[in-house]
Protein chains: 2
Amino acid sequence: MAESAFTIKQTAKLTGISEDTIRYYEKIMLLPRAERKDNGHRVYRKDDIYTLKLISCLKKTGISLEAMRPFLAVSADSHPAENPDLVDQLRDQREAIVNQISSLRQLVDFIDKKLEEGRGGGGCSEPSPGDAKPISVVEMSYFPASAG
Amino acid sequence: MAESAFTIKQTAKLTGISEDTIRYYEKIMLLPRAERKDNGHRVYRKDDIYTLKLISCLKKTGISLEAMRPFLAVSADSHPAENPDLVDQLRDQREAIVNQISSLRQLVDFIDKKLEEGRGGGGCSEPSPGDAKPISVVEMSYFPASAG
DNA sequence: ATTTGACTTGGAGTCGGCTCCAAGATGTAT
DNA sequence: ATACATCTTGGAGCCGACTCCAAGTCAAAT
């Protein structure tokens, strides 16, 4: 019968996202309106837990709630390839994330240099629009490139 | 004499950070109080430009202004190793960033999978407290690990 | 002398993302 | 019956990071 239903409290505990925040996500329609019991209480299922965990995962990457929508849409939709808009949004996100990764890598190098020695600078340039190649940040200049 | 001095307007243009934002950074003391001319106008030098570019770089990684302080301190301080607090903060940041990178990598995999096929899930687990090993995300389960 | 422009200050407003609260409905335990 | 817990709703408040504005200063151009 009841295929694993959870209260909002349990859901919060399972996902590490507070009850208030879960309700907030529903309010801003990041999540679909949750199923209700006769008394109006929200009911969550496995899939909802999964979605919330996905959100929590996306949050770790630092993206905004708005930017998450395509991911959640594509996660719900089992045939994403049929939706060109979605595919475009995902491609854009992918690119943004790859860039972010390379900024972060350079930052790690910057820290390592600072920790190992006591001098030297690191910078962060516009990642070349190629792809995620192993960048040798050690060779980077203080002033990467001036913004036009 | 004047070793390359810039107005706030020029600085904003050079760094891609708005004048208001630069003043704001000074107000919250993310930046040291800028030198002033006789008329009270701010003057910026090469080093200040560099610092602002570093901030802009740090912002790309998604860290908060508060979290930037150690970086800016270590960047200004030429002998960071002598300040243990700073070193600790940097280590913590390094760890956080490495974790963020692995979350982001998994996300890229998630997108790739969604784009290539039309199904499957990706998740994002707690990165094992070892280090940045090449994680084969392809093998990840839908429900990585429940939060205690 | 006055206008124009680049700047100063302090403070108010905005937006995203929560977080907290009060009032009310329902469910179970005593 | 009454107390307590668990939920509901709507709305207010908070924090970070800006962003905008009004009033004023100063310097050069007309």
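Values below: all heavy atoms of this structure, side chains included; hydrogens, waters and symmetry mates excluded. Below, chain A is the first sequence line, B the second, and so on; all start at residue 1.
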Note to self: If I take atom CD in residue A:Glu26 and atom P in nucleotide D:dC7, what distance separates them, rounded to the nearest angstrom?
What the structure shows: 14 Å
Checklist line | Side-chain (B:Ser75) to main-chain (B:Phe71) donor-acceptor, under 3.5 angstrom | finding: no
Notebook entry, point to check: How do B:His41 and A:Tyr24 order along DNA chain C: which one's closest nucleotide is nearer the 5' end?
Noted result: B:His41
Notebook entry, point to check: What integer distance in Å separates B:Gln10:CD from C:dG5:C1'?
Noted result: 14 Å
Check: Between the main-chain N or O of B:Met29 and the side-chain N or O of B:Arg69, is there a donor-acceptor pair closer than 3.5 Å?
Finding: yes
Next item on the list: Would you sort out whether A:Glu19 and A:Arg23 count as a salt bridge (charged side-chain N to carboxylate O under 4.0 Å, His left out), showing the intermediate values?
Entry: CA-CA 6 Å; A:Glu19 300 177 43; A:Arg23 287 191 205 99; 3.3 Å; yes
Note to self: When you measure from the side-chain N and O atoms of A:Arg36 to the phosphate of D:dT9, is any distance below 4.0 Å, counting only OP1 and OP2?
What the structure shows: yes
Item checked: Per B:Glu19 side chain, nearest of listed nucleotides D:dA17, D:dT9, C:dC7 -> C:dC7
Next item on the list: Send over the distance from A:Tyr25 OH to C:dT19 P, rounded to a whole Å.
Entry: 8 Å
Note to self: Could you go through B:Lys113 and B:Glu116, starting from their C-alpha distance and side-chain angles, then the distance that decides it, and tell me whether this counts as salt bridge (charged side-chain N to carboxylate O under 4.0 Å, His left out)?
What the structure shows: CA-CA 5 Å; B:Lys113 268 168 83 181; B:Glu116 283 164 22; over 6 Å; no
Notebook entry, point to check: Between A:Asp48 (side chain) and A:Arg45 (backbone), is there a donor-acceptor pair under 3.5 Å?
Noted result: yes
Notebook entry, point to check: Reckon B:Arg23 touches a base, only the sugar-phosphate, or nothing at all at heavy-atom distances under 4.0 Å?
Noted result: base
Next item on the list: Among the candidates D:dT9, C:dT8, D:dC18, find the nucleotide nearest to the side-chain atoms of B:Arg42.
Entry: C:dT8
Next item on the list: Choose from D:dC18, D:dC7, C:dT19 the nucleotide whose nearest atom is closest to any side-chain atom of B:Leu65.
Entry: D:dC18
Next item on the list: Verify the contact: side-chain N or O of B:Thr21 to OP1 or OP2 of D:dT19, cut-off strictly under 4.0 Å; return yes or no.
Entry: yes
Next item on the list: Look at all strands and tell whether A:Lys9 reaches a base, only sugar-phosphate, or nothing, counting heavy atoms closer than 4.0 Å.
Entry: sugar-phosphate
Notebook entry, point to check: In whole Å, what is the span from the CD1 atom of A:Ile22 to the C1' atom of D:dT6?
Noted result: 15 Å
Note to self: Pick the closest DNA chain D nucleotide for B:Ile63 and for A:Lys27 by heavy atoms, then say which residue is nearer the 5' end.
What the structure shows: A:Lys27
Checklist line | d(CG, B:Leu30; P, D:dA17) in whole Å | finding: 9 Å
Checklist line | Nearest-angstrom distance from the residue atom CZ of B:Arg33 to C1' of C:dT9 | finding: 11 Å
Notebook entry, point to check: Do A:Tyr24 and A:Leu30 share a hydrophobic cluster (ILVMFWY, side-chain heavy atoms under 4.5 Å, transitive)?
Noted result: yes
Notebook entry, point to check: Shortest non-hydrogen contact from B:Thr15 to B:Lys53?
Noted result: CG2-CG, 4.4 Å
Notebook entry, point to check: Where the side chain of A:Asp20 is defined as all heavy atoms beyond and including C-beta, which of C:dC20, C:dT9, D:dT9 is the nearest nucleotide?
Noted result: C:dC20
Margin query: Please check this pair: side chain of B:Ser56 against backbone of B:Leu52, looking for a donor-acceptor N/O pair closer than 3.5 Å.
Written below: no
Note to self: Nearest whole Å is fine: how far is D:dC7 C1' from A:Lys37 NZ?
What the structure shows: 9 Å
Checklist line | Nucleotide D:dT6, atom P - distance to CZ of A:Phe6 in whole Å | finding: 18 Å
Checklist line | B:Thr7 side-chain N/O to C:dC7 phosphate OP1/OP2 under 4.0 Å | finding: yes
Note to self: What's A:Ile8 touching, base or sugar-phosphate or nothing? Going by heavy atoms closer than 4.0 Å.
What the structure shows: sugar-phosphate
Check: So what does A:Asn39 touch, heavy atoms closer than 4.0 Å: a base, only the sugar-phosphate, or nothing?
Finding: sugar-phosphate
Margin query: Angle between the two end axes of the helix from C:dA1-D:dT30 to C:dT30-D:dA1, five base pairs per end, rounded to 10 degrees?
Written below: 30°
